[in-house]
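Below, each value reflects all heavy atoms present in this structure, side chains not excepted, and no hydrogens, waters or symmetry copies. As the structure is a prediction and not an experimental result, all values here were calculated from the model.
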Amino acid sequence: NATGSVSGDHTIGGFVAVNDGGTIRDSYAIGAVSAGSGYVGGFAGTNDFGARIDNSYSVGRVTAPASDSVGGFAGYIWNTVIAHSFYNSETSGRTDTGKGEPKTTAEMTTSTTFTDAGWDFATIWGINPAVNNGYPTLLWRYTVGGTVSGLATGNSVVLQNNGADDLTVAADGGFTFPAPLDDGSPYAVTVLTQPAATPQLCTVANDAGTVAGANVTTVEVTCADLVDLTMAVLPEGAGTTTPPVGSTGVVVSAPQPIVATANAGYDFVKWTSSDGAAVLADPNSASTTVTMTAAATVTANFCLLHTWYPD
C-alpha cells in the first residue's frame with residue numbers, strides 16, 4: 001500500500017509511476033497525486049506492454065491538465081489489463097472509465113463493492129469503519145487499540161499513537177486508532193490532551209510494544225477524578241513544599257506524596273489540614289502522603305530555631 005502524496009512534472013502515480021509488463025494485485029494508494037502534464041493516475045501513471053493490475057484501489061485527489069492520459073485510477077494504458085479495480089470518483093475529482101471503475105465514497109467503504117468483484121475478505125482484505133477512513137486494508141496490517149475506563153460523562157480524552165494518529169475518545173469502552181501498522185512495527189500510546197470539562201487525569205498501561213501478527217487490543221487507559229490540593233506554609237517564608245505552594249490537581253482517593261523542606265533558621269513541626277477531606281498518613285513526618293476525598297488545604301508548619309549562647 002502507499003499512503004503519501006506524490007507530485008512531479010509528468011508520469012506520476014499514487015502507487016507506481018510506470019508499470020511496464022508487470023503484475024500488481026491486492027494493493028492500494030490513498031495519497032493525492034499532482035503533475036504539470038500527462039500520464040497521471042491515482043494508482044498508476046502508465047500501465048502498458050502487457051502489464052496487469054487486479055483487485056486494487058485508489059482514493060487520492062488527481063490534479064493534472066486535462067488529458068486522455070490522466071485518470072482517477074490509471075493515466076496512460078496500452079495493451080494492458082486492469083481488472084476488479086476501483087477509484088473514488090468524489091475524492092479524486094475524476095469520472096473516467098475503462099481503466100479502473102469509479103465509485104462513490106459510500107461504495108468505496110462498503111465491503112460488497114469489493115466482494116462482488118471477487119476480492120478475498122477472508123485471508124487478504126479486511127474492512128472496518130474505524131480504520132483507514134473506512135476503506136479496505138490488507139490483513140497483514142494490524143490495528144492498535146484497547147479500552148478506556150473511568151471517563152466522566154461529558155468528558156473526552158485525546159490519545160496518540162507513535163506521536164501521531166490522534167484519536168478522541170468520548171466514552172468508556174473500546175477504541176481503535178485509525179491508522180493500521182505493519183507487522184513488526186512499534187507502537188507507543190500516550191495521552192495528548194487530558195479531559196477538561198470535569199477535571200480528570202488519564203493514564204495509560206500496556207502502552208508500548210511491537211505488533212506481532214495480530215491486532216493489539218490490550219492498551220488500557222484509566223481516568224480518575226481530580227481535586228484541588230492547596231499547599232501552604234506557616235509562617236510565610238519558613239520553608240518550601242512539594243508540590244509547591246499553591247493549587248495542584250491530584251487524583252481522588254489516591255495517596256499523594258508531599259514533602260516539607262525547612263529554610264535556614266527554621267525547623268519542620270507538623271502538617272495540618274483544613275478539614276477531614278485531606279487525610280495525612282503521618283502528620284509529624286516532613287515526607288509523607290495525603291489522601292484527598294475533596295478539595296482541601298494542607299499546611300506545612302515550621303518554627304524558628306533558637307540559638308543558645310553560654311553565659
Residues [X] and [Y]: side-chain donor-acceptor under 3.5 angstrom:
X      : Y      : result
Thr105 : Glu90  : yes
Thr272 : Asn301 : yes
Asn215 : Thr143 : yes

Which heavy-atom pair separates [X] from [Y] by the least distance, and what is that distance?
X      : Y      : value
Ile82  : Ala74  : CD1-CB, 3.7 Å
Ala35  : Asp9   : CB-O, 3.6 Å
Pro244 : Met231 : O-CB, 3.5 Å
Asn161 : Ala188 : OD1-N, 3.1 Å
Gly72  : Asp96  : N-OD1, 2.9 Å
Thr168 : Ser156 : CG2-CB, 4.0 Å

Taking salt bridge (Lys or Arg N to Asp or Glu O under 4.0 Å) as the definition, give me every residue that meets it alongside Arg141, ordered by chain and number, with sequence neighbours left out. Asp182

Between [X] and [Y], is any pair of side-chain heavy atoms under 4.5 Å apart?
X      : Y      : value
Leu181 : Asn162 : yes
Asp165 : Pro178 : yes
Ser5   : Val33  : no
Val250 : Val227 : yes
Arg94  : Val70  : yes
Phe302 : Asp267 : no

Could you grab the distance from atom [atom1] of [X] to atom [atom2] of [Y], nearest 0.5 Å is fine?
X      : Y      : atom1 : atom2 : answer
Tyr76  : Lys99  : OH    : NZ    : 10.5 Å
Thr293 : Asp275 : OG1   : CG    : 7.5 Å
Gln256 : Thr288 : CD    : OG1   : 11.5 Å
Tyr266 : Leu304 : OH    : CG    : 4.5 Å
Ser89  : Lys103 : OG    : NZ    : 9.5 Å
Asn133 : Asn128 : CG    : CG    : 11.5 Å

Any chance you could lay out the side chain to side chain contact (heavy atoms under 4.5 Å, CB included) test for Ile258 and Thr289, step after step, and finish with the verdict? CA-CA 5 Å; Ile258 56 175; Thr289 62; 5.9 Å; no

For Trp140, the rest of its hydrophobic cluster, which grows through side-chain links under 4.5 angstrom: Tyr28, Ile30, Tyr57, Val59, Phe86, Met108, Phe114, Trp119, Phe121, Ile124, Trp125, Ile127, Tyr135, Leu138

Measure from the side-chain N and O atoms of [X] to the backbone N and O of [Y], and report whether any donor-acceptor pair falls under 3.5 Å.
X      : Y      : value
Thr230 : Thr297 : no
Ser58  : Gly60  : no
Asp183 : Gly213 : yes
Asn88  : Thr104 : no

Are [X] and [Y] joined in one hydrophobic group, where the rule is that I, L, V, M, F, W and Y side chains link up if heavy atoms are under 4.5 Å apart?
X      : Y      : result
Val191 : Val216 : yes
Val144 : Val131 : no
Val6   : Val18  : no
Val189 : Val148 : yes
Leu201 : Val169 : no

Measure centre to centre between the rings of Phe175 and Phe177, then say whether the value is under 6.0 Å. yes

Expected list for residues 39-52: side-chain donor-acceptor pairs under 3.5 angstrom, two or more places apart:
residue : atom : partner : partner atom : Å
Asn47   : OD1  : Asn19   : ND2          : 2.6
Asn47   : ND2  : Thr80   : OG1          : 2.3
Arg52   : NE   : Asp54   : OD1          : 3.2
Arg52   : NE   : Asp54   : OD2          : 2.7
Arg52   : NH2  : Asp54   : OD1          : 3.2

Thr153 and Thr198: side chain to side chain contact (heavy atoms under 4.5 Å, CB included), yes or no, with the steps? CA-CA 8 Å; Thr153 301; Thr198 299; over 6 Å; no

Any pair counted as disulfide bond (SG atoms under 2.5 Å apart), so long as it reaches residues 173-285, sequence neighbours left out: Cys202-Cys223

Just to verify, what does Tyr87 make a ring pair (Phe, Tyr, Trp, His ring centres under 6.0 Å) with, not counting sequence neighbours? none

Which residues pass the side chain to side chain contact (heavy atoms under 4.5 Å, CB included) test with Leu192, not counting sequence neighbours? Val158, Gln160, Asp166

Stepwise side chain to side chain contact (heavy atoms under 4.5 Å, CB included) check, Asn1 with Phe15: CA-CA 7 Å; Asn1 63 285; Phe15 186 87; 5.5 Å; no

After noting the C-alpha distance and the side-chain angles of Val219 and Val204, does the key distance pass the side chain to side chain contact (heavy atoms under 4.5 Å, CB included) rule? CA-CA 7 Å; Val219 179; Val204 186; 3.7 Å; yes

